[in-house]
There are 2 protein chains.
Amino acid sequence: MTAMIPTVPTPSGPGRKRPTIRDVAREAGVSYATVSRVLNGREWVSPEAVRSVREAISRTGYTANPHARSLATGKSGSIAFLLTEPQHLLFEDPNFSVLLRGVAQALSDRELTLILMIASTPEERTRTVAYLSGGHVDGVLLVSPHSGDPLLSQLVRAEVPIVACGRVLGYEQVISSVMADDRNGGRSAVEHLIAAGCQRIATITGPQDTAGGVDRLQGYHDALIAHGLTIEPGRIVHGDWSRESGAAAMRTLLDQSPDLDAVFAASDAMAAGALRVLREAGRDVPGEVRVVGFDDSGLAATTEPPLTTVRHPLDRVSEEMVRLLTDVIAGRTPLSITVPTTLVVRASSPA
Amino acid sequence: MTAMIPTVPTPSGPGRKRPTIRDVAREAGVSYATVSRVLNGREWVSPEAVRSVREAISRTGYTANPHARSLATGKSGSIAFLLTEPQHLLFEDPNFSVLLRGVAQALSDRELTLILMIASTPEERTRTVAYLSGGHVDGVLLVSPHSGDPLLSQLVRAEVPIVACGRVLGYEQVISSVMADDRNGGRSAVEHLIAAGCQRIATITGPQDTAGGVDRLQGYHDALIAHGLTIEPGRIVHGDWSRESGAAAMRTLLDQSPDLDAVFAASDAMAAGALRVLREAGRDVPGEVRVVGFDDSGLAATTEPPLTTVRHPLDRVSEEMVRLLTDVIAGRTPLSITVPTTLVVRASSPA
DNA sequence: TCAATACCTGTAACCGGTCACAGGCTCCTG
DNA sequence: CAGGAGCCTGTGACCGGTTACAGGTATTGA
């Protein structure tokens, strides 16, 4: 009769189950608690037990179920990289990519997983806050936060560990951050222009609700004041970091103060936009107008002429962000870290 | 005596526990199974039960523990976006960012989490394979895979659901993919040049171990043959998609066949590199040499002159990749999807 | 010789969900 | 009025780990 039973598809096919810690234990002839100890490097396990467990693991091809582990430990082993800029700005900015690369590397080194979240629209923001507050991740890395963003207060209230890239205005005491020394960077850029003999220096700023936007402008102020130059409101125009906004700002500047002899743009992208407008207006760079950018992004070396700029050490920043976040998760009190910048001189404003 | 007991810090502070499904059940006066049913929209739950569970949820601020859910269901709810290019190529390419944005959006719409993995170095690749095979993710989106990559065979052997961006040469039957119609796109680009009267058309190709590299070159062949033009080996030079490789290829081309009157580059980045070299060589674009790129990346509109290019519809591609991956996870057999391209005419080769 | 100690191991509870199953209730039908 | 169908709910097993605790053995010290 048994011959009539149709052949059952062997469960060893595609649907075969992954070995569990119990399988390994049976294979190694120990209890599953011992396997767990070996897995986690606990002390007081006999050398033989360690060896036989190791062998059993490689024989069975066992890998721990991450979800079971997370459930038991309460740690997810993953970190969210959260972008909140309107999406059209996000990916134009080469800084973003570099930062992302650095963070991915730093997390990978620590065996942490990088979860990328983009919260541009209001619905996305709501969903994101729920997700991040819901224990899916151990911490959040925040890119270019704007101080008025309600998302910030919600995350703070939910007590999610956060490290921001750039000081978060108004949250200095509760959100840790890592940032370039924007103020001194801006100052060094403008002092470079002054040293070259420029007297009528304009600036295209970043958004004034971001620390980078404010600080780089402050550096501009610092340099002018330190050298006895007056600050002309007509020489200060605000941009949003993007190339397009830089071009628009440059048009405004040429209109408001046509006699300018230098421009300090708070981002390379804005500087690139400004260069284009200057060329269209027939102003020679650097002959008639010198231009300095900020970031030393990939863009800077390929503009025409190549940009003198302030190097934003994003590799350092990303590494520090991850290091700081692990500290914050471990219970460290909020802290701000600043990394130094350096001036990179190219043809748009030679030495 | 009780007065001598020191005040214990209230456990309702930062360390308070999140409510569980049992808490909600107690609050709502039902069993936890009923709460689970409401959570998952199961049928046959009384309206009153639904209502009181809903209220209890909002009263307690309950959110489900994702790890517990994953453990019970065996689904992680997350998808890996895997990059395997050497890192220096990765982030120069604007396509990458656009694709990433699109994928993030498409996954978010389906309540799936995007895990970003970068596997450039051998160690990273090993770790990545282990991770992906270990059940952390439900599926993998693969960007610009090279056919010889051992990572591919390992993932295939581990039976991880995969969808690639671009056909994977040699794996067509086992790895699903989504790609632009590169061959017809390349053909249309070259036919545009022929229609403009060009006779000596060169091409800068992508890597010949990627489908995009091969197919775009094939399109070049197709067009030349269809119009009775001969294929000169000296007019075909290989690049790696990057701007720098485009510049190098252009120098080779000017050297090998100085009489060329048009260049079709298989990426906008390479086209941009070629433009720069042509300008340095004093060749007028489009007067003496016409240039067409591929991708219609952000770059294309901002080169000097702006690039005529083949639009690579990455928004469609990303959406299709995610759609296809969910199908593959659900057990669908491998499948390749092609999305059409369109020619975008700009100043580097006007109509 | 006996107890204390160090070292090693196993049992069982627990993390917080999902889901199969059993069972109760109501209503309809023969 | 018995019994089946449809609707709703609760119990308990289970997913695969971690870890507190208890217990066993070998070594040491009094």
Side-chain angles (χ1 to χ4, degrees), chain A residues 11 15-54 56-57 60-78 111 131 133-138, chain B residues 15-54 56-57 60-78 111 113 131 133-138:
Chain A
R16 69 175 171 283
K17 285 185 52 195
R18 294 176 46 189
T20 72
I21 201 171
R22 263 100 173 160
D23 297 326
V24 174
R26 196 178 323 113
E27 184 82 13
V30 298
S31 75
Y32 51 84
T34 299
V35 177
S36 176
R37 289 190 190 98
V38 173
L39 250 33
N40 296 286
R42 291 276 180 290
E43 50 192 353
W44 290 332
V45 184
S46 68
E48 313 92 85
V50 172
R51 201 178 41 72
S52 71
V53 167
R54 290 256 162 76
I57 286 176
T60 55
Y62 169 82
T63 48
N65 180 315
H67 308 299
R69 180 170 290 184
S70 291
L71 178 59
T73 61
K75 294 270 131 201
S76 73
S78 56
E111 311 246 302
Y131 185 88
S133 311
H136 290 73
V137 300
D138 294 339
Chain B
R16 69 177 170 283
K17 284 186 53 197
R18 295 176 46 189
T20 73
I21 202 171
R22 263 101 175 159
D23 297 326
V24 174
R26 196 177 324 112
E27 183 81 14
V30 297
S31 75
Y32 52 85
T34 299
V35 177
S36 177
R37 283 191 265 265
V38 172
L39 248 35
N40 295 288
R42 292 276 181 288
E43 50 192 353
W44 291 331
V45 184
S46 68
E48 312 91 86
V50 172
R51 201 178 42 74
S52 72
V53 167
R54 290 257 161 76
I57 287 177
T60 55
Y62 168 81
T63 49
N65 180 315
H67 308 299
R69 179 171 292 183
S70 292
L71 179 58
T73 60
K75 294 269 133 203
S76 73
S78 57
E111 310 246 305
T113 301
Y131 184 89
S133 311
H136 289 72
V137 300
D138 294 338

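Lettering of chains follows the sequences in order, A, B, ..., and the numbering in each one begins at 1.
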List, with names and distances, any nitrogen or oxygen atoms from the protein found under 3.5 Å away from nitrogen or oxygen atoms belonging to nucleotides 21-27 of chain C.
none

Restricting to non-hydrogen atoms, name the atom on [X] and the atom on [Y] that form the minimum distance, rounded to 0.1 Å.
X        : Y        : answer
Thr60(B) : Pro19(B) : O-CG, 3.5 Å
Ser76(B) : Ser70(B) : CA-OG, 3.6 Å
Leu71(B) : Ala68(A) : CD1-CB, 3.7 Å
Ser36(A) : Asn40(A) : O-ND2, 2.7 Å

Closest-nucleotide 5' rank along DNA chain C - winner of Trp44(A) and Gly29(A): Trp44(A)
Tell me, do [X] and [Y] make a side-chain contact under 4.5 Å, heavy atoms counted?
X         : Y        : value
Tyr131(B) : Thr63(A) : no
Arg69(B)  : Leu39(B) : yes
Asn65(B)  : Thr20(B) : no

Contact residues, residues 65-78 of chain B to DNA chain D [heavy atom, < 4.0 Å]: Leu71(B), Ala72(B)
Round to a whole Å and report the spacing from [atom1] of [X] to [atom2] of [N].
X         : N       : atom1 : atom2 : result
Arg26(B)  : dG10(D) : CZ    : P     : 14 Å
Asn40(B)  : dG16(C) : CG    : C1'   : 13 Å
Ile21(B)  : dC15(C) : CD1   : P     : 14 Å
Glu43(A)  : dC8(C)  : CD    : C1'   : 12 Å
His136(A) : dG16(C) : NE2   : P     : 14 Å
Glu48(B)  : dC7(D)  : CD    : C1'   : 12 Å

Side-chain donor or acceptor of Arg22(B) paired with backbone N/O of Tyr32(B) under 3.5 Å: no
Side-chain donor/acceptor contact of Tyr32(B) with base of dG12(D) under 3.5 Å: yes
Touch class at under 4.0 angstrom, heavy-atom based, for Arg22(A) against every strand present: base
Gap separating the NE2 atom of His136(B) from the NE2 atom of His67(A), nearest 0.5 angstrom: 7.0 Å
OP1 or OP2 of [N] under 4.0 Å from side-chain N/O of [X]:
X        : N       : answer
Ser36(A) : dT18(D) : yes
Ser46(A) : dT9(C)  : yes
Ser31(A) : dG10(C) : yes

